[in-house]
Amino acid sequence: MTDPVSTQNMTLAPGVVDTIISITASETDGVASIGSPVTSGIRAMLSGGASTSGIETSTDEDGKLDVVVHINVYYGYVLPELAEKLRQSIADALAMQVGIQVGRVDVFIDGIQFRSQS
């Protein structure tokens, strides 16, 4: 997101909403990465934080936030259940932390990764 978001008498700097979405996704069991695994890993190492690549947001005509998130998941998870859990977690996190009403969350599963055998 490149534009500030205004809600409940406050204005959020660009990237705040994306960061909340990124952290929520990374804390969801089964999500391996957001966006492409190569750029997410490199960006996280360089910035010291979660990647916001692969996240798109826009406001619909009712003033609700529409979210599109591209993820990679770990092998062995039921994909529809994981996507629904992520949708609900993102909507809950945005409503609770900054009071933003979410219109929809579209989850695109771009790949499946295997956990490393360390």
Side-chain angles (χ1 to χ4, degrees):
M1 174 174 269
T2 57
D3 298 326
V5 175
S6 296
T7 181
Q8 298 182 359
N9 298 326
M10 70 176 159
T11 301
L12 303 171
V16 170
V17 171
D18 291 354
T19 301
I20 292 169
I21 294 167
S22 178
I23 291 170
T24 301
S26 67
E27 292 176 347
T28 301
D29 191 35
V31 175
S33 64
I34 303 161
S36 98
V38 174
T39 57
S40 294
I42 293 170
R43 190 169 284 127
M45 285 188 316
L46 295 176
S47 68
S51 171
T52 58
S53 70
I55 298 172
E56 301 168 29
T57 56
S58 61
T59 305
D60 67 13
E61 60 275 350
D62 296 329
K64 293 182 178 179
L65 191 69
D66 290 338
V67 177
V68 176
V69 62
H70 292 263
I71 62 170
N72 291 285
V73 300
Y74 287 117
Y75 176 78
Y77 286 84
V78 178
L79 302 182
E81 290 175 10
L82 177 61
E84 182 55 37
K85 181 178 178 181
L86 182 58
R87 281 185 199 100
Q88 191 62 52
S89 295
I90 289 172
D92 291 348
L94 290 172
M96 183 173 33
Q97 294 180 30
V98 291
I100 293 176
Q101 292 297 321
V102 175
R104 72 174 198 232
V105 178
D106 294 331
V107 177
F108 291 89
I109 299 174
D110 294 335
I112 297 176
Q113 296 180 17
F114 293 94
R115 292 189 191 265
S116 61
Q117 300 291 328
S118 324

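All residue numbers in this chain count up from 1 along the given sequence.
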A.B. asks: Does Ile109 form a side chain to side chain contact (heavy atoms under 4.5 Å, CB included) with Ile71? I'd like the steps, not just the answer.
C.D. replies: CA-CA 5 Å; Ile109 299 174; Ile71 62 170; 4.1 Å; yes
A.B. asks: May I ask you to list the residues sharing a hydrophobic cluster with Val68, side-chain cutoff 4.5 Å, ordered by chain and number?
C.D. replies: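 Joined to Val68, directly or through intermediates: Phe108.
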A.B. asks: Taking the side chain as C-beta and beyond, is there a heavy-atom pair between Leu12 and Ile100 under 4.5 Å?
C.D. replies: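 SC-SC contact between Leu12 and Ile100 confirmed.
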A.B. asks: My understanding is that only residues two or more places apart in sequence, or in another chain, count here; which of them pass salt bridge (Lys or Arg N to Asp or Glu O under 4.0 Å) with Asp60?
C.D. replies: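 By the salt bridge (Lys or Arg N to Asp or Glu O under 4.0 Å) rule, Asp60 matches no residue at all.
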A.B. asks: Check Ala93 against Thr24 and note the closest heavy-atom contact, atom names and distance.
C.D. replies: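 Smallest heavy-atom distance, with atoms named: CB-OG1, 3.4 Å.
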A.B. asks: Would you check if the side chain of Thr19 reaches a backbone N or O of Gly15 as a donor-acceptor pair within less than 3.5 Å?
C.D. replies: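 At least one qualifying donor-acceptor pair exists.
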A.B. asks: Between Val102 and Met10, is there a shared hydrophobic cluster once you connect ILVMFWY residues whose side-chain heavy atoms come closer than 4.5 Å?
C.D. replies: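 Same cluster: Val102 reaches Met10 through Ile, Leu, Val, Met, Phe, Trp or Tyr contacts under 4.5 Å.
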A.B. asks: Of all heavy-atom pairs between Gly103 and Lys64, which one has the smallest distance, and what is that distance?
C.D. replies: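 Residues Gly103 and Lys64, closest heavy atoms: N-CB, 3.5 Å.
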A.B. asks: Write down the atom of Asn72, the atom of Asp110, and the distance for their closest heavy-atom approach.
C.D. replies: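 Distance-wise, the nearest heavy atoms are OD1-C, 3.6 Å.
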A.B. asks: Run the side-chain donor-acceptor check on residues 76-86: report pairs under 3.5 Å with partners two or more places apart or on a different chain.
C.D. replies:
unit_1	atom_1	unit_2	atom_2	d
Tyr77	OH	Asp29	OD1	3.1
Tyr77	OH	Asp29	OD2	3.2
Tyr77	OH	Arg115	NH2	3.1
Glu84	OE1	Arg87	NH1	3.3

A.B. asks: Could you check whether any side-chain heavy atom of Thr57 comes within less than 4.5 Å of a side-chain heavy atom of Ile21, counting everything from C-beta outward?
C.D. replies: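 Thr57 reaches Ile21 side chain to side chain.
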A.B. asks: Who passes side chain to side chain donor-acceptor pair (under 3.5 Å) against Asp106, sequence neighbours left out?
C.D. replies: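 With neighbours one apart ignored, the set is Arg104.
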A.B. asks: Testing the basics here: between Val69 and Ile90, what is the closest heavy-atom pair and its distance to 0.1 Å?
C.D. replies: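 So the two residues come closest at CG1-CD1, 4.2 Å.
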A.B. asks: Listing request: all side chain to side chain donor-acceptor pair (under 3.5 Å) pairs with a residue in residues 89-100, at least two apart in sequence or in separate chains.
C.D. replies: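 Checked against side chain to side chain donor-acceptor pair (under 3.5 Å) - neighbours excluded - the pairs reaching residues 89-100 are Gln88-Asp92.
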A.B. asks: Is there any ring-ring contact (aromatic ring centres under 6.0 Å, His included) pair reaching into residues 87-106, and which pairs are they, with sequence neighbours excluded?
C.D. replies: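 Output for this query is empty, none listed.
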A.B. asks: How close do Tyr74 and Phe114 get, heavy atom to heavy atom, and via which atoms?
C.D. replies: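 For Tyr74 versus Phe114, the nearest heavy atoms are CD2-C, 4.4 Å.
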